[in-house]
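Reckoned from all heavy atoms, side chains included, excluding hydrogens, waters and symmetry mates. Remember, it's 1-based here, ligands and their atoms both numbered in the order they're listed.
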Amino acid sequence: MLSRREFLQRSATGGAALLATKRFSLPATAADSRVEILLNESLGTISPNIYGHFAENLSGVIYDGIWVGEGSKIPNVNGIRKELIDEMRKIKPSVVRYPGGCFADSYDWRDGIGPRDKRPRRTNFWAAEEAPSSPAAHKYDPNQFGTNEFVQFCKLIGSQPYLAANLRSLPAEAFYHWVEYCNSPAGSTTLADARAAAGYPDPFHVAFWGVGNESWGCGGNFTAQEYAVEFRRYAAWLPVYGHPLSLVASGPNGDDASWTRGFLEELVRKGKSQIHSVYGFALHHYAWNLSRGRTQNWVEGKGDALKFESVDWYELLREGQRMESMITNHWQALAENDRDHSIKLVVDEWGPWYKPGSEATPGDLLEQMPTLRDAVFSGMTLDIFNRHPEKVAMANCAQLINCLNSLYLAHENKFCVTPVGHVFAMYAAHQGGQAVRTVFFAPEIHYKRDAETASHWGLQGSASLHDKDLVLTVVNPSVSESREVEFVIHQAKIKSASATVLTHSDIHAHNTFDQRTVVTPQTKIVEPTQGALVYDLPPASVTKLSLALT
Ligand code: AHR
């Protein structure tokens, strides 16, 4: 006899197989799909840090995107773009990672403190990729935006800083001095005095520290074992000032679990207690290969951000869906040496990555134009994180502004919120909620994938409970079919409901500096019938249902 969970899982993976059991009776409606929300099956608390961001010193992200300078005509707060601050305050941005990415492992934090007119200019890690016509600040880091400015930015937007330390080219001493600069109490150390001299007597209390970045590649070309040795050394002693530090270890290249195993095996060679030096284990996942299996070449495999067919839409979502198996695979691999799961996953880079050509500001490196496709991708990804709250402690979308899957685009005095930014605004309501098991039953989608017919899941999403309020987010990935869905809430009735929907009739739709509101969410009140709800989800949409329960 199947347990209820097994039954639900089998039915759910069976796509169109709607429930016909004594426990879950079929709806008396013509709905083609159904969502079961099991309020008494909590999955854990959704960490607000799942809704984190990433801002690397890369092309237009910092200089132009975030930092415009105090003397700028562009409205700013102490040099930081005001429109960005105003927009970010709306989305509850829990945490921001900085300064990289690959940039982090060539960055000396000491260049970015002290009087701005005395700070050195340095060659940016990304300089060689920049065009000759790129702004000087993109190639030669003027260090006008450093630790003080970043922490101020975080304060202004109501976020926590997450700093990535340089493991490749600075000694461990520079790391603990950075911690000392940020966190030592006022008046206690020479570095606390330097911080005070810059106008910041109070400690910054930075809790999250990355120990390197992509240490298998740009972060030092280490093997997993070599990196574990370095990690142990960097983590062996760090100053704490009554606030524990949360160290994030650099994770694998893609889904390579041999890195995960190799790192932990070497780490615990010095004793199992070494596990406790690691707060989080980083995963990075970019959906980039839209070649439908034709190539694994990093350049040739990429698709276009704006020019795409339906098949590319589904292909991107399939690539993004890999996030879920990455989470479960690496969680299992960690468990081989960390049975109690003291180490959590930190997905500190994620998003689609297209080929160049769609930049809002021509010449901005890695900048791409987010469309409705990226909004659906982002909703899908955030739902995956919500479904694994006990595993994923933090996630950071790559990258905040003027880059890959950006929430915002800006250039000089121009600014817009992308469809991805709107998804973050919608999903902010999940933060801190109790994730509850939710099972989706919908007809599978069939589409032409070269000579074959491929299938794709019909609906996915996540739900979180906040006292008597339920937040339910659902992605309808079909480019052409709406879904009439019956929402069945076990152990409660719906008192009132509203729906916020992000969609457009054109799957390529996007916002630009000139047309800033092409893709914007619409909210309306919806009427439950006898405590239940049937609702139509449009094609190519992300929907948030806010339900008051009795
Ligand atoms: O986000 C862009 C780059 O992608 C980051 O610098 C690096 O960590 C990753 O490879």
message: So that I can tick it off, tell me whether R261 and E336 are bridged by a salt bridge, with the cut-off set at under 4.0 angstrom between side-chain N and carboxylate O.
response: yes

task: State whether D111 and R121 are salt-bridged, where the test is any N-O pair (Lys NZ or Arg NE/NH1/NH2 against Asp/Glu carboxylate O) under 4.0 Å.
output: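 Salt bridge between D111 and R121, a charged N being under 4.0 Å from a carboxylate O: no.
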
Which ligand 1 atoms are under 4.0 Å away from a heavy-atom of [X]?
{"X": "L404", "answer": "1 (O)"}
{"X": "C102", "answer": "5 (C), 6 (O), 7 (C), 8 (O)"}
{"X": "N213", "answer": "8 (O)"}

task: Take F145 and Y63 through the test ring-ring contact (aromatic ring centres under 6.0 Å, His included) and record every step on the way to the result.
output: CA-CA 8 Å; F145 187 90; Y63 297 105; 7.0 Å; no

Pair F222 and F231, ring centroids less than 6.0 Å apart: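 No - the distance between ring centres of F222 and F231 does not fall below the 6.0 Å cut-off.
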
Give me the nearest non-hydrogen protein atom to [atom] as residue plus atom name, then the distance to 0.1 Å.
{"atom": "atom 10 (O) of ligand 1", "value": "E214 OE1, 2.8 Å"}
{"atom": "atom 6 (O) of ligand 1", "value": "E56 OE1, 2.7 Å"}
{"atom": "atom 8 (O) of ligand 1", "value": "E349 OE2, 2.7 Å"}
{"atom": "atom 2 (C) of ligand 1", "value": "Q399 NE2, 3.6 Å"}

- prompt: Can Y181 and N148 be counted as having a side-chain donor-acceptor contact under 3.5 angstrom?
  reply: yes

Would [X] count as being in polar contact with ligand 1, using the rule that some N or O on each side must be under 3.5 angstrom apart?
{"X": "F103", "answer": "no"}
{"X": "W353", "answer": "no"}
{"X": "W126", "answer": "no"}

- prompt: Does ligand 1 have an atom that lies less than 4.0 angstrom from a heavy atom of Y286?
  reply: yes

query: For ligand 1, is there an atom lying under 4.0 Å from some heavy atom of F54?
result: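 Distance cut 4.0 Å: F54 passes for ligand 1.
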
query: Atom CG in D364, atom NE2 in H138: separation rounded to 0.5 Å?
result: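 Reported value, rounded in 0.5 Å steps: 5.5 Å.
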
query: Does R195 count as lying over the ring of Y200, i.e. NZ or CZ under 6.0 Å from the six-ring centre, within 45 degrees of the axis?
result: no

Ring-face cation of R373 near F308 (centre distance under 6.0 Å, axis angle within 45°): yes

